[in-house]
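Each remark here refers to the structure printed beneath this line.
All values reported here derive from a predicted model rather than from experimental measurement. The sequence lines fix the lettering, A, B, ..., with proteins before strands; numbering per chain opens at 1.
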Number of protein chains: 2
Amino acid sequence: MIFSTKAEYGVRVMVELARRGSAQPVALTEIAEHEGLPLAYLEHLVARLRRARLVESRRGAHGGYLLARGPAQITMAEVVEALEGRIAPIECYSASPDGSIHCVLEADPKRVCTSKILWTRVRDAIVHTLEETTLADLTPTTPKKAVAA
Amino acid sequence: MIFSTKAEYGVRVMVELARRGSAQPVALTEIAEHEGLPLAYLEHLVARLRRARLVESRRGAHGGYLLARGPAQITMAEVVEALEGRIAPIECYSASPDGSIHCVLEADPKRVCTSKILWTRVRDAIVHTLEETTLADLTPTTPKKAVAA
DNA sequence: TTAAAACCTACCTGAGAGCTAGGGTATCAG
DNA sequence: CTGATACCCTAGCTCTCAGGTAGGTTTTAA
């Protein structure tokens, strides 16, 4: 598997939040039950989403979580990165914070890591896809009544 | 990391084989030394490549491995799949052999796994990239003398 | 016949995914 | 003001598997 359940579950949480709208906070217990996922584990995931400022929380009774922005303003690249960490196809790739390639082999400047070409392309394809897809794209037929009406 | 060292190392082996040309077999010891990778481990990887009919082997003294086809006829999708197994972004994805989506949630036909849209796009992007890139694309400046001349 | 190489099976080990546990702390209804 | 609800934090647990080792057998060139 390319992504862990962190991304899988976390995306499902985000979709649920988008589905419920932003009127009032949604308790994680509801989502856990609805999706059939362990609450205690989701708490960890949603904590990451909160730290990345993708969701906001309301504590106490009738508390829960809300999207920090409109679904169309949240890209899946942000969501997946918040959950999984920086997206890198292979190990030697991940070093530099800007996402540029940093193959250990190339410490010796005479050598060029040729397979780098491949992993660059793969990474770009993934990131591009995640950036192009917003949470709104995944939120089913709530035909934006609230907005339209 | 998205792909394991199996893909990373295996691709490097394939690139090396392509670089050396198909005149005579290349011993794995040479590649291991050149790339600084553990021989015993590469043996496992190259076994997968052989079973996938991407390389051929010559046993005995002066034996080694050869590409089964020309570098331009080998896509990286074949290579990566041989090494890593079927490419699936998340768990629920991998079930069906044709690569189509098969989310456990959708056992209940009333439910639609909306995040499926995302993972489908991601998978398609990766596979497409891997299919478009051939081993020849990664093989450096052997300007095809053999073919051109 | 010896050395070089592929080939095969089995095993080991550390790290990390995927949780669980048990508290603490804010908020609101009554 | 007191309980219930829910977020929040830290710690730890278990099992799998990536990554690699080990040691043998078989094939072939010289």
Side-chain angles (χ1 to χ4, degrees), chain A residues 1-13 17 20 24-66 68 80 83-85 88-92 94 104, chain B residues 1-13 17 20 24-33 35-68 80 83-85 88-92 94 104:
Chain A
M1 287 345 103
I2 286 177
F3 296 112
S4 70
T5 58
K6 283 201 270 292
E8 185 182 346
Y9 295 179
V11 167
R12 276 157 71 179
V13 168
L17 289 179
R20 307 293 186 104
Q24 61 226 13
V26 182
L28 212 50
T29 46
E30 280 184 52
I31 296 180
E33 197 165 344
H34 183 263
E35 298 288 317
L37 299 175
L39 171 64
Y41 189 45
L42 288 191
E43 286 188 329
H44 289 293
L45 305 186
V46 85
R48 291 174 180 238
L49 295 171
R50 184 173 46 81
R51 276 181 237 122
R53 302 195 180 280
L54 294 170
V55 302
E56 284 171 7
S57 62
R58 297 292 145 76
R59 302 183 69 163
H62 303 101
Y65 294 93
L66 295 157
V80 171
L83 294 161
E84 296 273 344
I90 58 171
E91 185 62 41
C92 80
S94 56
V104 277
Chain B
M1 289 339 105
I2 287 178
F3 295 114
S4 70
T5 59
K6 284 201 270 291
E8 185 182 346
Y9 295 0
V11 167
R12 276 157 70 179
V13 168
L17 289 179
R20 308 291 187 104
Q24 60 227 13
V26 182
L28 211 51
T29 47
E30 279 184 52
I31 295 180
E33 197 164 345
E35 298 287 317
L37 299 175
L39 171 64
Y41 188 44
L42 288 191
E43 285 188 330
H44 290 293
L45 304 186
V46 84
R48 290 174 182 239
L49 295 171
R50 183 173 46 79
R51 276 181 236 121
R53 303 192 181 283
L54 293 169
V55 301
E56 284 170 7
S57 61
R58 297 292 145 75
R59 302 184 68 163
H62 303 101
Y65 295 93
L66 294 158
L67 295 183
V80 172
L83 293 162
E84 296 272 343
I90 58 171
E91 185 62 42
C92 80
S94 57
V104 276

Quickly work out the [X] [atom1] to [N] [atom2] distance and round it to whole Å.
{"X": "B:Leu28", "N": "C:dC8", "atom1": "CG", "atom2": "P", "value": "14 Å"}
{"X": "B:Glu43", "N": "C:dA10", "atom1": "CD", "atom2": "C1'", "value": "14 Å"}
{"X": "A:Leu83", "N": "C:dG18", "atom1": "CG", "atom2": "P", "value": "12 Å"}
{"X": "B:Arg48", "N": "C:dA6", "atom1": "CZ", "atom2": "P", "value": "18 Å"}
{"X": "B:His44", "N": "C:dC11", "atom1": "NE2", "atom2": "C1'", "value": "10 Å"}
{"X": "B:Leu17", "N": "C:dA5", "atom1": "CG", "atom2": "C1'", "value": "15 Å"}
{"X": "A:Glu56", "N": "C:dA26", "atom1": "CD", "atom2": "C1'", "value": "16 Å"}
{"X": "B:Leu49", "N": "C:dC7", "atom1": "CG", "atom2": "P", "value": "12 Å"}

* Using modelled atom types only, decide if a donor and an acceptor are shared between the side chain of A:Arg12 and the backbone of A:Glu35 within a distance under 3.5 Å. =>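 Confirmed, A:Arg12 side chain pairs with A:Glu35 backbone.
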* Report yes or no: does B:Glu8 contribute a side-chain atom to a donor-acceptor pair with the main-chain N or O of B:Phe3 at less than 3.5 Å? =>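 Side chain of B:Glu8 to backbone of B:Phe3: no pair is present.
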Check the phosphate of [N] against [X], side-chain N and O only, distance under 4.0 Å to OP1 or OP2. Yes or no?
{"X": "B:Arg50", "N": "C:dC8", "result": "yes"}
{"X": "A:Tyr9", "N": "C:dG18", "result": "no"}
{"X": "A:Thr5", "N": "C:dG18", "result": "yes"}

* Identify whether any heavy atom of B:Ala27 sits under 4.0 Å from a base atom; if not, whether one sits that close to sugar-phosphate; answer base, sugar-phosphate or nothing. =>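 Result for B:Ala27 = sugar-phosphate.
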* Under 4.0 Å from any heavy atom of chain A: name the first and the last nucleotide of DNA chain D that qualifies, 5' to 3'. =>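 Boundary nucleotides touching chain A, in 5' to 3' order, are D:dT5 to D:dA11.
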Interatomic distance, [X] atom [atom1] to [Y] atom [atom2] [nearest 0.5 angstrom]:
{"X": "A:Tyr9", "Y": "A:Leu45", "atom1": "OH", "atom2": "CG", "answer": "9.0 Å"}
{"X": "B:Leu83", "Y": "B:Lys6", "atom1": "CG", "atom2": "NZ", "answer": "8.5 Å"}
{"X": "B:Arg48", "Y": "B:Glu84", "atom1": "CZ", "atom2": "CD", "answer": "8.0 Å"}
{"X": "B:Glu30", "Y": "B:Leu17", "atom1": "CD", "atom2": "CG", "answer": "10.5 Å"}
{"X": "A:Thr5", "Y": "A:Tyr41", "atom1": "OG1", "atom2": "OH", "answer": "3.5 Å"}
{"X": "A:His44", "Y": "A:Leu39", "atom1": "NE2", "atom2": "CG", "answer": "10.0 Å"}

Give me the distances for all protein-to-nucleotides 27-30 of chain C N/O pairs that come in under 3.5 Å?
| unit_1 | atom_1 | unit_2 | atom_2 | d |
| --- | --- | --- | --- | --- |
| C:dT27 | O2 | A:Ala61 | N | 3.2 |

* **5' precedence on DNA chain C between A:Tyr41 and B:Gly63 (nearest-nucleotide basis)** =>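 The residue closer to the strand's 5' end, by nearest nucleotide, is B:Gly63.
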* **Nearest-nucleotide 5' precedence on DNA chain C, A:Lys6 against B:Ala47** =>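 By nearest-heavy-atom nucleotide position, the 5'-most residue is B:Ala47.
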* **Contact check, side chains of A:Ser57 and A:Tyr65, non-hydrogen atoms, under 4.5 Å** =>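 In contact.
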